[in-house]
Visitor: 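Can you keep this structure in mind? I'll have questions shortly.
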Amino acid sequence: MKKKLSRRTTKPTVTELFAGAGLWSSAFVAEGFSVTRAIEIDSIAAATYKRNLGPHIEAADVLESEPKGKCDVLLAGSPCQGFSTLGRRDSQDPRNLLSLDLLRWVPVLCPEIIAIENVEAFLYSSVYDQLRSSLELMDYRVVSIVVDATDYGVPQRRVRSFTFATKGRLPKLKPNLRNAVRTVREAWSGLPDEPNGINLHTAPIPSELALARMKLIPTGGDKRDILRLAPDLSPPSWRRPRNEITDVWGRLRWERPSNTLRTCLQNPSKGRYIHPEQHRTISLREAARLHSIDEASCSFQGVLLRARP
């Protein structure tokens, strides 16, 4: 007589560190997991998480929080600023060491799977080397991958690393969905063309100087168009030979995914954040759509948000 295989009767449990507003937790909930604890130091992000996903979020510093209980999956998406090539990439940034606090949690929670998200450059840091070797000493098998969100239907070029540690079989990603690349136009389908203030469809009114610059930039253009057409509107720094960043004061293109969005996305001097046609930066709602967040069910201060699969 064959022995019957046991089946899990409860949902796998998840603990998330550095939880932010809860998009990673939301994805796990959508896949049938139960997130039982989450920690986020930013009180506004934690309040958003609580409204969308429940009271298990703690507005606290991970470093000052006590590991307790058990979980099946441990998630950690610690700050990336010190690793990111878009910033100073400061190896001495104290936030880099936050990733290592994970090692304080693992022996207590005993997760079957650990998932760590960060920028690609994280994989080439001494912090990553230390984290990986420490997890291997705890008998975890570790694998890291780099993915671009556009390969999975997100209308934004966003390259990130994911590191998985497990004592069982290492995970395998589904094949890239390159035929599912979505564009800015598709992401904004159904939104009012002009910001109307509903669901954070709001954008700052540009200054007189910003407006004059924007009027010179065609779809897909950037600061180089301003330099060419109106040098008097260009600051001296743009004329320096070593100033090679061209995405600043850039317009998005309708028929492509957006570039990587950062927290400063409503400042045109920080990247390609100008509307493809209108003389303004993208609205917060448009930015949310480019993150694959729609208005279906989750809320932020009365505004509906939801992560699409």
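These numbers come from the heavy atoms of this one structure, side chains and all, not from hydrogens, waters or symmetry mates.
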Visitor: Would Asp72 and Thr13 count as having a side-chain donor-acceptor pair, cut-off 3.5 Å?
Guide: yes

Visitor: Assess the residue pair His279 and Leu211 against the criterion (side-chain contact (heavy atoms from CB on, under 4.5 Å)); give the C-alpha distance rounded to whole Å, side-chain angles, the decisive distance to 0.1 Å, and a yes or no.
Guide: CA-CA 6 Å; His279 302 317; Leu211 181 60; 3.6 Å; yes

Visitor: Are Leu209 and Met214 linked, directly or through intermediate hydrophobic residues, by side-chain heavy-atom contacts shorter than 4.5 Å (ILVMFWY only)?
Guide: yes

Visitor: Is Val142 close to Phe164 at the side-chain level, that is, under 4.5 Å between some pair of heavy atoms?
Guide: no

Visitor: Ignoring hydrogens, what is the shortest heavy-atom contact between Pro206 and Ala210? Give both atom names and the distance.
Guide: CB-CB, 3.9 Å

Visitor: Output, in order, the C-alpha distance, side-chain angles, deciding distance and verdict of side-chain contact (heavy atoms from CB on, under 4.5 Å) for Leu103 and Met138.
Guide: CA-CA 10 Å; Leu103 302 173; Met138 296 180 192; 4.1 Å; yes

Visitor: Could you tell me whether the side chain of Arg285 and the main chain of Ile198 form a donor-acceptor pair under 3.5 Å?
Guide: no

Visitor: I'd like to know whether NZ of Lys215 has more than 12 heavy-atom contacts from other residues, nucleotides or ligands below 6.0 angstrom.
Guide: no

Visitor: Taking the side chain as every heavy atom from C-beta outward, state whether Arg157 and Asn259 have any pair of such atoms under 4.5 Å apart.
Guide: no

Visitor: Check step by step if side-chain contact (heavy atoms from CB on, under 4.5 Å) holds for Arg256 and Thr183.
Guide: CA-CA 5 Å; Arg256 297 186 187 181; Thr183 66; 5.8 Å; no

Visitor: Does a salt bridge link Glu286 with Arg280, judged by any charged N lying under 4.0 Å from a carboxylate O?
Guide: yes

Visitor: Looking at Tyr273, is its backbone amide N or carbonyl O close enough to the side chain of Thr281 to form a donor-acceptor pair, meaning the two atoms are under 3.5 Å apart?
Guide: no

Visitor: Just to verify, what does Pro155 make a side chain to side chain contact (heavy atoms under 4.5 Å, CB included) with, not counting sequence neighbours?
Guide: Arg182, Ala187, Leu290, Ser292

Visitor: Starting from the C-alpha separation in whole Å, work towards a yes-or-no answer on side-chain contact (heavy atoms from CB on, under 4.5 Å) for Ile282 and Ile274.
Guide: CA-CA 6 Å; Ile282 61 176; Ile274 302 175; over 6 Å; no

Visitor: Decide whether Glu16 and Ser25 meet the rule of one side-chain donor and one side-chain acceptor closer than 3.5 Å.
Guide: yes

Visitor: Is Thr48 reaching over with its side chain to a backbone N or O of Ile44, donor-acceptor style, under 3.5 angstrom?
Guide: yes

Visitor: So, taking the atom named CG in Leu261 and the one named CD in Gln266, what distance separates them when rounded to the nearest 0.5 Å?
Guide: 11.0 Å

Visitor: If Ile, Leu, Val, Met, Phe, Trp and Tyr residues are connected whenever their side-chain heavy atoms lie under 4.5 Å apart, and connections chain through other members, are Leu131 and Val62 in the same group?
Guide: yes

Visitor: Any sub-3.5 Å donor-acceptor pair from Ser283's side-chain atoms to Ala203's backbone N or O?
Guide: no

Visitor: State plainly whether one hydrophobic cluster holds both Ile41 and Leu74, where clusters connect Ile, Leu, Val, Met, Phe, Trp and Tyr through side-chain heavy atoms under 4.5 angstrom apart.
Guide: no

Visitor: For the residue pair Tyr128 and Ser99, confirm or rule out a side-chain donor-acceptor distance under 3.5 Å.
Guide: no

Visitor: Heavy atoms only: give me the nearest Gly221-Asp225 pair and the separation to one decimal.
Guide: CA-OD2, 3.2 Å

Visitor: Please confirm whether the backbone N or O of Ala45 pairs with a side-chain atom of Asp42, one donor and one acceptor, at under 3.5 Å?
Guide: yes

Visitor: Test your reading of the model: is there a side-chain donor-acceptor pair from Ser161 to the backbone of Leu123, 3.5 Å cut-off?
Guide: no

Visitor: Sequence neighbours left out, what passes ring-ring contact (aromatic ring centres under 6.0 Å, His included) with Phe33? Give chain and number order.
Guide: Phe28

Visitor: At their closest point, which heavy atom of Val184 faces which heavy atom of Ser258, and how far apart are they?
Guide: CG2-N, 3.8 Å

Visitor: Does Gln130 offer a backbone N or O that forms a donor-acceptor pair with the side chain of Ser134 under 3.5 Å?
Guide: yes

Visitor: Answer whether the closest heavy-atom distance between the side chains of Phe162 and Ile116 falls below 4.5 Å.
Guide: no

Visitor: Taking only residues two or more places apart in sequence, or in another chain, which ones meet Glu136 in a salt bridge (Lys or Arg N to Asp or Glu O under 4.0 Å)?
Guide: Arg132

Visitor: Can you check whether Thr163 reaches Val143 side chain to side chain, under 4.5 Å on heavy atoms?
Guide: no

Visitor: Quick one: do Lys167 and Glu112 satisfy salt bridge (Lys or Arg N to Asp or Glu O under 4.0 Å)? Show the steps, please.
Guide: CA-CA 6 Å; Lys167 294 186 176 181; Glu112 295 180 23; over 6 Å; no

Visitor: Within the distance-only criterion (no hydrogens, no angle test), does the side chain of Ser125 pair as donor or acceptor with the backbone N or O of Phe122 below 3.5 angstrom?
Guide: yes

Visitor: Can you give me every donor-acceptor pair (side chain of residues 53-61, partner residue at least two apart or in another chain, under 3.5 Å) with its distance?
Guide:
from, atom 1, to, atom 2, distance (Å)
His56, NE2, Tyr49, OH, 3.0
Glu58, OE1, Arg37, NH2, 3.3
Glu58, OE2, Arg37, NE, 2.7
Asp61, OD1, Leu63, N, 2.9

Visitor: Hey, could you give me the CG/CG distance between Leu229 and Leu216, rounded to the nearest 0.5 Å?
Guide: 5.5 Å

Visitor: Would Val73 end up clustered with Ile145 when hydrophobic side chains under 4.5 Å apart are linked, directly or stepwise?
Guide: yes

Visitor: Could you list all the ring pair (Phe, Tyr, Trp, His ring centres under 6.0 Å) pairs where at least one residue sits in residues 187-228, not counting sequence neighbours?
Guide: Trp188-Trp254, Trp188-His275

Visitor: Verify, without hydrogens or angle tests, whether Arg253 (side chain) and Gly220 (backbone) share a donor-acceptor contact under 3.5 angstrom.
Guide: yes

Visitor: Flag the pair Glu117 and Arg160 as a salt bridge only when some basic side-chain nitrogen lies within less than 4.0 angstrom of an acidic carboxylate oxygen.
Guide: yes

Visitor: Donor-acceptor pair, distance only, cut-off 3.5 Å: does the side chain of Glu40 make one with the backbone of Gly20?
Guide: yes

Visitor: Between Val181 and Val154, is there shared hydrophobic-cluster membership here, with clusters defined by ILVMFWY side-chain heavy atoms closer than 4.5 Å?
Guide: no

Visitor: Could I get the full list of side chain to side chain contact (heavy atoms under 4.5 Å, CB included) partners for Leu227, not counting sequence neighbours?
Guide: Ser234, Trp238, Arg239

Visitor: Using a strict cut-off of less than 4.0 Å between a Lys/Arg side-chain nitrogen and an Asp/Glu carboxylate oxygen, indicate whether Asp222 and Arg272 qualify as a salt bridge.
Guide: yes

